[in-house]
Amino acid sequence: MRHLVYVFVPSALILLTAFRLAFALWQWPRVRQAGGLLPILIGGLRIDALMIAALSAPVVLLAPWLGHYPVMTTIAAIWFTFAWFLLTLLEVSTPQFIIEYDTRPNRLYVDYLKHPQEVVGMLWKGYKLMIGIALIGLGLIVYSGWSIFGHVSADPVMSWWLRPIWIGVCQGSWNLIHAASNTGSVSCSC
């Protein structure tokens, strides 16, 4: 399970940064008005680190005690594939959301997900081609997530004296990320 964390964290950072760069290129006039690319990348990195830390936390906390069981490693791989899917779903749906609402997906996005029948009916009427492309793309994303995270063997048993150190280091990392993330100073659509 620890190895999955080591794979998920940089993979998710690369994924989110690549999408952020693509969106910045797409919306370059707005990026230039907002002070350029660097503030957007730095602010985005802080928010991404928080999101990735939150998605990784359950596996990180359970890894010292359960990481050597193959079934738990498989469950962690499924969790990280699901997290990969959620991150990608949010990023893939961002362009259409920006076109419709002039903002990144936010609480309105989640509110729409509470009423799936109405939303699917509305989307199907106006965006059949886009839905087909999105379903194929999301299927490829799930496949890529499983190919990245689904083939990891169980960890060796962690020594009892290393377990508190592991948790302490992870807690310290979380505190550094959380302390550095003044979300009032960045644009976040979480």
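Nothing here was measured: the structure is a model prediction, and the numbers come from that model.
Between S56 and V9, the shortest heavy-atom distance links the atoms OG-CG2, 3.9 Å. F149 approaches L4 most closely through the heavy-atom pair O-CD2, 3.1 Å.
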Go through it in stages, so that I can follow the logic: the residues are Y143 and W146, the test is side chain to side chain contact (heavy atoms under 4.5 Å, CB included), and I'd like the CA-CA distance, side-chain angles, deciding distance and then a yes or no. CA-CA 5 Å; Y143 176 77; W146 185 251; 5.9 Å; no

Take R32 and L37, measure what side chain to side chain contact (heavy atoms under 4.5 Å, CB included) needs, and give me the verdict at the end. CA-CA 7 Å; R32 192 175 36 233; L37 187 59; over 6 Å; no

Please walk me through it: do M51 and L16 pass side chain to side chain contact (heavy atoms under 4.5 Å, CB included)? CA-CA 10 Å; M51 195 164 28; L16 294 173; 4.2 Å; yes

Derivation of the side chain to side chain contact (heavy atoms under 4.5 Å, CB included) call for S11 and F80: CA-CA 11 Å; S11 298; F80 280 134; over 6 Å; no

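Using a distance-only test at 3.5 Å, with no hydrogens or angles considered, a donor-acceptor pair links the side chain of S93 to the main chain of L90.
Atom OH of Y101 is surrounded by more than 12 heavy atoms from other residues, nucleotides or ligands within 6.0 Å. Atom CD of E118 sits in a crowded spot, with more than 12 heavy atoms from other residues, nucleotides or ligands closer than 6.0 Å.
The distance from atom CG of D48 to atom OG1 of T17, rounded to the nearest 0.5 Å, is 6.0 Å. Here the NE2 atom belonging to H151 is positioned 11.0 Å from the OG1 atom belonging to T74, to the nearest 0.5 angstrom. Note that CG of L50 is 10.0 Å distant from CG of L45, once rounded to the nearest 0.5 Å.
Using bins of under 30°, 30° to 60° and over 60° for the plane-to-plane angle, the ring pair Y6/H3 lands in the perpendicular bin.
V59 is not listed as a side-chain neighbour of F8, based on a closest heavy-atom distance of 4.5 Å or more. Residues M1 and Y69 form no side-chain contact, since every pair of their non-hydrogen atoms from C-beta on lies 4.5 Å or further apart. Taking the side chain as every heavy atom from C-beta outward, L87 and F19 never approach each other to under 4.5 Å.
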Can you list, pair by pair, the side-chain donor-acceptor contacts under 3.5 Å of residues 128-138, counting residues two or more places apart and other chains?
none

